[in-house]
Amino acid sequence: MRVLRTIREDLDKLLLAGSIAREARERGIQLSQPGAIMLDVVEEVEELIIRRGGKPAFPVNIGIDSVAAHYTPPSGSSERFPSKGVVKFDVGVHVDGYVADTAATGDLGGNNQALIGSARKALEEVIPLIKPGASIRLIGSTIEKTITSIGYRPVTNLMGHSIERYNLHAGFNVPNTGSTADVTIPREIVIAVEPFATGGKGFVVSGRNGNIFSLSREKELDDEESLSMLSVIRERFSTLPFAERWLSDQHRHREILNRLARRGVIHAYQTLLEAGGGQVSQWEHTIIVGRDGVIASSM
Ligand SMILES: [Co+2]
């Protein structure tokens with residue numbers, strides 16, 4: 001496992017990404033109101049990220065109710081926030097490839113505080129446990145117990161994850177249950193911890209296209225359109241996920257993205273839906289673990 005290079009410059013970039021991500025998350029939750037147009041909200045937040053000196057590390061994800069993750073509105077969408085329900089707002093910011101990933105859940109209509117509070121409390125309970133050598137099983141079981149004690153289930157097949165430069169899911173997982181191999185947190189690692197809670201079955205299944213893609217496999221391509229789209233993708237997003245709407249300035253972008261996805265050159269993310277249709281809440285912070293303890297988090 002490659003560790004965080006703790007030279008000052010890298011750490012400064014990470015800390016800046018974290019503080020922009022925190023502001024973007026708060027602004028996003030504030031703007032996510034019944035009747036507001038989702039596309040306007042994600043664009044406003046992504047512009048805020050850029051104004052502050054960062055870039056989106058992935059498209060702002062909006063998850064209403066049983067949509068747990070991997071949805072962003074497509075270009076031209078007039079979809080609005082519903083009058084009731086929960087909205088998860090998951091935002092990633094990078095500065096020169098150094099990524100902070102953070103999420104919160106807003107209450108549309110004001111009836112969902114217990115569900116929302118259970119994921120938030122789970123995260124608050126485990127943050128003090130995080131340090132080099134900490135048990136992943138203890139962290140997972142603490143998340144699970146906190147959520148079940150409030151009457152919900154953790155979503156067991158969504159996990160926290162380590163983050164490396166330009167790599168959002170770098171291989172070290174932080175499960176949301178205690179049923180897991182007991183590994184320990186290494187030194188000098190960046191991890192995002194993200195409890196999800198639900199009144200449904202407690203796991204997610206794949207849904208429809210969520211308008212999010214990322215580079216996948218290298219392949220020989222023969223047509224000009226595909227090659228030129230691919231070089232735009234590499235140039236703008238490197239290996240990080242991107243939105244269909246971020247390429248709407250490119251000629252015939254939808255067709256070409258679909259073609260690249262069919263060939264396996266890019267990966268098309270599907271929305272992740274709670275298996276029983278239950279509402280899902282989520283809370284997430286990115287935590288920089290140093291040699292001896294936590295250096296900072298996106299709280
Ligand atoms: Co994450």
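First listed ligand is number 1; within each ligand, the first listed atom is number 1.
- By the 4.5 Å heavy-atom criterion applied to side chains, D65 and V86 are counted as neighbours.
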(request) Just do the side-chain contact (heavy atoms from CB on, under 4.5 Å) check on V183 and F172 with the steps written out, would you? (result) CA-CA 10 Å; V183 288; F172 185 87; 4.3 Å; yes

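- Salt bridge annotation for R245-E46: present, with a cationic side-chain nitrogen under 4.0 angstrom from a carboxylate oxygen.
- For S206, the side-chain contact (heavy atoms from CB on, under 4.5 Å) test picks out Q270, L272, with sequence neighbours left out.
- Linking ILVMFWY side-chain heavy atoms closer than 4.5 Å, directly or via other members, places I150 and I116 in a single hydrophobic cluster.
- Contact check for P82 versus L108: side-chain heavy atoms found under the 4.5 Å cut-off.
- Listed by chain and number, D101 OD2, H161 NE2, E194 OE2, E284 OE2 are the protein N/O/S atoms closer than 2.8 Å to the Co ion (ligand 1), with waters left out.
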